[in-house]
Amino acid sequence: MPQETNNDWTPKIVAFLCNWCSYAGADLAGVSRMQYAPNVRIIRVPCSGRVSPMHILSALHRGADGVLVSGCHPGDCHYISGNLVARRKFSMLKTFLEHVGVEPERVQFSWVSASEGARFASLMEKVVQDIIRIGPARMPAGVVD
Amino acid sequence: MSVQDDIRQTAGQLLADGKVDLVIGFAEGTLAMKAAPCFITAADDVEQLVWNSFCLNNLAVYLSRCFTPDPQLREPPPPPKVAVIVKGCDGRSVVGLIKEQQAPRENLTIIAVPCDGMLDADVARRVLGAEEIVAADEVDGAVKITDETGKETTVDRKELLAEACRFCTHRAAAVYDQTIGELPADADPLAPDDQFEAYCQKPTADKWRQFCSEISKCVLCKACRSACPNCYCRTCFADQTRPNWMGSGAKLGDVIFYHLGRLFHQAGRCVDCGACVRACPVGVDLRTFTYKLVEDAEQLFDFTPGLDLEQAPPLTVFAPGDSENFITDPE
Ligand code: SF4
Ligand code: SF4
């Protein structure tokens with residue numbers, strides 16, 4: 001992704017949303033015509049359990065300013081426990097990234113159900129505001145093909 | 001009988017009885033203060049085996065290779081029966097490999113030996129300010145070291161301990177078939193880990209600066225990966241072209257990506273053996289980062305790798321009450 005000059009920098013945020021809840025929540029926000037910041041690129045995944053830490057690292061490596069992963073609320077997973085296994089991975093990844101000096105706001109995790117369009121919109125607002133506050137990613141981009 | 005003689009006798013017996021096809025242990029190395037891993041397949045060769053304070057490598061790294069069939073062979077031979085001499089850290093790695101199905105338990109003979117902490121030539125060079133260590137001789141905890149100028153210095157072995165050994169708490173394997181000598185009990189680390197604690201106290205921006213400055217030393221030789229028993233993937237993400245996770249390493253971003261990827265793959269698996277740190281030719285301080293994963297696995301999931309064959313690896317399971325405090329709640 002091209003690097004813009006600092007004054008007209010707007011954050012690029014990659015959101016991994018699970019097919020059954022959070023993607024539908026984003027869809028509901030859209031069809032309900034709720035306003036939220038347009039900085040997000042959504043990637044639909046079958047389940048938050050599908051999201052490998054490598055996907056998150058790769059997004060940062062390829063120039064994302066922020067990453068959001070959202071799945072069904074615990075107990076609501078379409079695959080019963082995909083989000084619960086994901087929760088373990090994400091909690092370790094989050095503390096590990098903080099340990100190497102990645103700001104905690106840079107990578108965020110949340111739960112959004114299919115009926116929570118408003119929650120999705122406010123989540124996106126919050127994430128975008130967080131990223132704007134901390135500024136562009138410090139991670140130097142690698143080779144991008 | 002000395003531990004070394006006992007190892008030779010045990011290995012000879014196992015090979016002569018046909019109980020194992022291969023014994024993985026240590027032989028005299030070509031450099032001072034470094035024993036070399038060795039592979040004994042005949043009872044006549046057991047005299048090559050040694051046991052001293054320089055047996056640093058994590059021998060578990062060879063196990064997964066023993067059980068990876070050659071893809072060229074149409075009919076792969078039955079998996080070999082392998083005996084491996086293990087210190088505490090090696091033994092814990094072996095347990096991890098068994099659980100990850102890289103080595104069948106029934107084909108392994110795990111021989112646990114006592115370990116007092118191993119001595120590191122790089123530490124000796126630093127302590128003595130020497131260029132090269134040409135000879136070292138240990139008698140009762142005092143090590144007589146000869147440097148490249150021929151000067152002899154006697155140092156207490158505690159000062160020469162490898163970094164990982166200073167902080168080691170599990171000095172003996174928890175899972176084994178045979179033991180040699182008296183296995184030491186779990187112990188407190190010799191010294192508190194001040195360097196790690198100091199790093200953890202730093203603000204995020206300083207951590208990032210230090211992480212990047214360590215990683216920028218890296219020449220991407222991937223020796224850390226080769227030395228680590230947990231890095232057994234036949235095609236590492238770092239070498240994959242489809243998907244092409246990272247470039248060749250011409251950019252710092254790629255090197256950072258390699259390390260974040262490799263490090264995080266150790267989550268809940270790293271036994272803190274220090275093999276990666278010692279393998280690094282340019283002295284990248286990897287332990288400051290791997291140790292975080294060890295600490296978190298313990299704090300978040302009450303899990304210490306390599307102690308129990310029954311306990312599931314922490315990232316393959318879940319508990320209803322797992323921590324949620326990192327979840328963003330927009331309300
Ligand atoms: S990451 Fe390093 S310390 Fe951890 S198990 Fe692998 S080689 Fe040992
Ligand atoms: S061994 Fe050291 S130089 Fe080689 S890839 Fe690992 S950290 Fe980099």
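Naming: A, B, ... by sequence-line order, numbering from 1 per chain.
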Worksheet entry | Most contacts with chain B, counted as non-hydrogen pairs under 4.5 angstrom, among A:Leu68, A:Val127, A:Thr95 | A:Thr95

Worksheet item: Based on non-hydrogen pairs under 4.5 Å, which of A:Leu60, A:Leu84, A:Asp130 is most in contact with chain B?
Response: A:Leu84

Worksheet item: Does any heavy atom of chain B fall under 4.5 Å from the side chain of A:Phe120, the backbone, both, or neither of them?
Response: neither

Worksheet item: With a cut-off of 6.0 Å (strictly less than), are more than 12 heavy atoms of other residues, nucleotides or ligands near CD of A:Gln35?
Response: no

Item to complete: Answer with side chain, backbone, both or neither: which region of B:Leu315 has an atom nearer than 4.5 Å to a non-hydrogen atom of chain A?
Response: both

Worksheet item: Given A:His78 and A:Asn19, is the side-chain contact (heavy atoms from CB on, under 4.5 Å) satisfied, shown in steps?
Response: CA-CA 9 Å; A:His78 190 77; A:Asn19 183 40; over 6 Å; no

Fill in: Interchain contact, B:Pro320 with chain A, by part (heavy-atom threshold 4.5 Å)
backbone

Fill in: Side chain / backbone / both / neither for A:Gln108 at chain B, heavy atoms under 4.5 Å
both

Item to complete: Against chain B, work out which of A:Arg87, A:Lys89, A:Glu125, A:Lys94 has the most heavy-atom pairs shorter than 4.5 Å and name it.
Response: A:Arg87

Worksheet item: For B:Gln266 and B:Cys228, what are the C-alpha separation, side-chain angles and deciding distance, and is it a side-chain contact (heavy atoms from CB on, under 4.5 Å)?
Response: CA-CA 10 Å; B:Gln266 304 298 337; B:Cys228 177; 3.6 Å; yes

Fill in: Which portion of B:His259 sits near chain A, non-hydrogen atoms under 4.5 angstrom
neither

Discussion item. Using heavy-atom distances under 4.5 Å, tell me whether B:Leu293 contacts chain A through its side chain, its backbone, both, or neither.
Written reply: both

Response to the item:
Ranked by heavy-atom pairs below 4.5 Å to chain A, first place among B:Thr204, B:Leu260, B:Thr328 goes to B:Thr328

Worksheet item: Is the number of heavy atoms from other residues, nucleotides or ligands under 6.0 Å of B:Glu331 CD greater than 12?
Response: yes

Worksheet item: Does atom CD of B:Gln195 have more than 12 heavy-atom neighbours from other groups under 6.0 Å away?
Response: no

Worksheet item: Of the listed residues (B:Gly261, B:Ser323, B:Pro314, B:Cys200), which shares the most heavy-atom pairs with chain A below a 4.5 Å separation?
Response: B:Pro314

Response to the item:
Note: vs chain A, highest number of non-hydrogen pairs under 4.5 angstrom among B:Ile327, B:Asp296, B:Leu300, B:Asp329 is B:Ile327

Worksheet entry | Residue part contacting chain B, namely of A:Val69, when any heavy atom lies under 4.5 Å | neither

Item to complete: Can you spot which of B:Phe257, B:Trp245, B:Tyr258, B:Phe237 makes a ring pair (Phe, Tyr, Trp, His ring centres under 6.0 Å) with A:His61?
Response: B:Phe257

Worksheet item: Using the benzene-type ring in the case of Trp, are the ring centres of B:Phe196 and A:His99 under 6.0 Å apart?
Response: yes

Practice prompt. Using non-hydrogen atoms and a 4.5 Å limit, figure out which bit of A:Leu93 sits close to chain B: side chain, backbone, both or neither.
Written response: both

Item to complete: Run the ring-centre check on B:Tyr199 versus B:Phe211 and record whether the distance is less than 6.0 Å.
Response: no

Practice prompt. Answer yes or no: does atom CZ of A:Arg138 have more than 12 heavy-atom neighbours from other residues, nucleotides or ligands under 6.0 Å?
Written response: yes

